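These figures come from a predicted structure and were not determined experimentally. Count residues from 1 along the sequence.
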Amino acid sequence: QVQLVESGGGLVQPGGSLRLSCVVSGVNLDYYAIAWFRQAPGKDREGVSSISSKEGRTYYADSVKGRFTISRDNAKKTVYLQMTSLKPEDTAVYYCAAGLSDLIALAAWVEDDYDYWGQGTQVTVSS
């Protein structure tokens, strides 16, 4: 059974930082790309960042470039999203998703490319 479990969300003040984690079980992470998506209230889900399987190529949406960093530790079966300089507009539920790496355009964040999804973790940026 494949599971993706996100953690690390919470309430943070503008300018603050959070690190999200996504623990993946049930698949060999070596073959899967991982992406982070987010969905703000009343808005469509959007891609935030992604990382390829073995080479670790990273991609970022323009809205988070320079503030967010994605990384992975395949031995720990975990992908991280380090978020800094957080803004109120970063408030959303954040989801991680896994898809077979060779089949995905990593900078496109097409939801149908990803086979497995986590349940999401809430990030709220507010003073």
Open item on the list: side chain to side chain contact (heavy atoms under 4.5 Å, CB included), that's the test. Do I34 and R72 meet it? Break it down for me.
Closed with: CA-CA 9 Å; I34 302 295; R72 64 191 293 156; 4.2 Å; yes
Task: Shortest non-hydrogen separation from V125 to K87 and the atoms involved - done: CB-O, 3.2 Å
Task: Minimum-distance pair of heavy atoms, taken over all atoms of V24 and V27 - done: CG1-CG2, 3.6 Å
- [ ] Mind checking salt bridge (Lys or Arg N to Asp or Glu O under 4.0 Å) for E89 and listing every partner two or more places apart, or none if nothing turns up?
- [x] none
Open item on the list: Please check if the number of heavy atoms outside D44 that lie under 6.0 Å from its CG is greater than 12.
Closed with: no
TODO: Determine yes or no for a side-chain-to-main-chain donor-acceptor pair under 3.5 angstrom, with D73 supplying the side chain and K76 the backbone.
DONE: yes
Open item on the list: The criterion is side-chain contact (heavy atoms from CB on, under 4.5 Å); which residues satisfy it with T58, sequence neighbours excluded?
Closed with: I51, Y60, I70
Open item on the list: Would you say that more than 12 heavy atoms from the other residues, nucleotides or ligands in this model lie under 6.0 Å from the CD of Q122, or not?
Closed with: yes
- [ ] Apply the test side chain to side chain contact (heavy atoms under 4.5 Å, CB included) to residues R38 and V64: give CA-CA distance (whole Å), side-chain angles for both, the deciding distance (0.1 Å), then the verdict.
- [x] CA-CA 12 Å; R38 68 185 181 186; V64 305; 3.9 Å; yes
Task: Intermediate values then yes/no, side chain to side chain contact (heavy atoms under 4.5 Å, CB included), R45 and E111 - done: CA-CA 9 Å; R45 190 155 54 185; E111 293 188 28; 3.0 Å; yes
TODO: List the steps and the verdict of side chain to side chain contact (heavy atoms under 4.5 Å, CB included) for M83 and S49.
DONE: CA-CA 11 Å; M83 306 186 296; S49 183; over 6 Å; no
- [ ] Taking all heavy atoms of A61 and all of G47, pick out the closest pair and write down the distance.
- [x] CB-O, 3.6 Å
Task: Pairs satisfying disulfide (SG to SG under 2.5 Å), at least one member in residues 50-88, at least two apart - done: none
Task: side-chain contact (heavy atoms from CB on, under 4.5 Å) partners of A40, counting only residues at least two apart - done: K43, A92
- [ ] For Q1, check side-chain hydrogen bond (donor to acceptor under 3.5 Å, both in side chains) against everything at least two apart and list the hits.
- [x] none
Open item on the list: Could you check whether any side-chain heavy atom of E6 comes within less than 4.5 Å of a side-chain heavy atom of L4, counting everything from C-beta outward?
Closed with: no
TODO: Would you mind listing the cluster partners of Y80? Hydrophobic ones only (ILVMFWY), side-chain contacts under 4.5 Å, chaining allowed.
DONE: none
TODO: Keeping the roles fixed (side chain from T121, backbone from S7), state whether a donor-acceptor pair exists under 3.5 Å.
DONE: no
- [ ] Please write out which residues are connected to W117 in a hydrophobic cluster, directly or through intermediates, given that two of Ile, Leu, Val, Met, Phe, Trp, Tyr count as joined at side-chain heavy-atom separations below 4.5 angstrom.
- [x] F37, Y59, V93, Y95, I104, L106, W109, Y114
Open item on the list: If you compare all heavy atoms of D90 against all heavy atoms of R67, which two are closest, and at what distance to 0.1 Å?
Closed with: OD2-NH1, 2.8 Å
Donor-acceptor contacts under 3.5 Å from residues 11-21 side chains, at least two apart:
none

Open item on the list: Test: disulfide (SG to SG under 2.5 Å). Region: residues 41-86. Which pairs qualify, not counting sequence neighbours?
Closed with: none
Task: With K65 via salt bridge (Lys or Arg N to Asp or Glu O under 4.0 Å) - residues at least two apart - done: D62
Open item on the list: Test of understanding: clusters of I, L, V, M, F, W, Y form through side-chain heavy atoms closer than 4.5 Å, transitively. Do Y31 and V79 belong to the same one?
Closed with: yes
TODO: Not counting sequence neighbours, which residues clear side-chain hydrogen bond (donor to acceptor under 3.5 Å, both in side chains) with S53? List them please.
DONE: S101
Open item on the list: Once salt bridge (Lys or Arg N to Asp or Glu O under 4.0 Å) is applied, do any residues pair with D113, and if so which ones, sequence neighbours excluded?
Closed with: none
- [ ] Please check if Y116 and V5 belong to a single hydrophobic cluster, counting links between Ile, Leu, Val, Met, Phe, Trp and Tyr side chain heavy atoms closer than 4.5 Å.
- [x] no
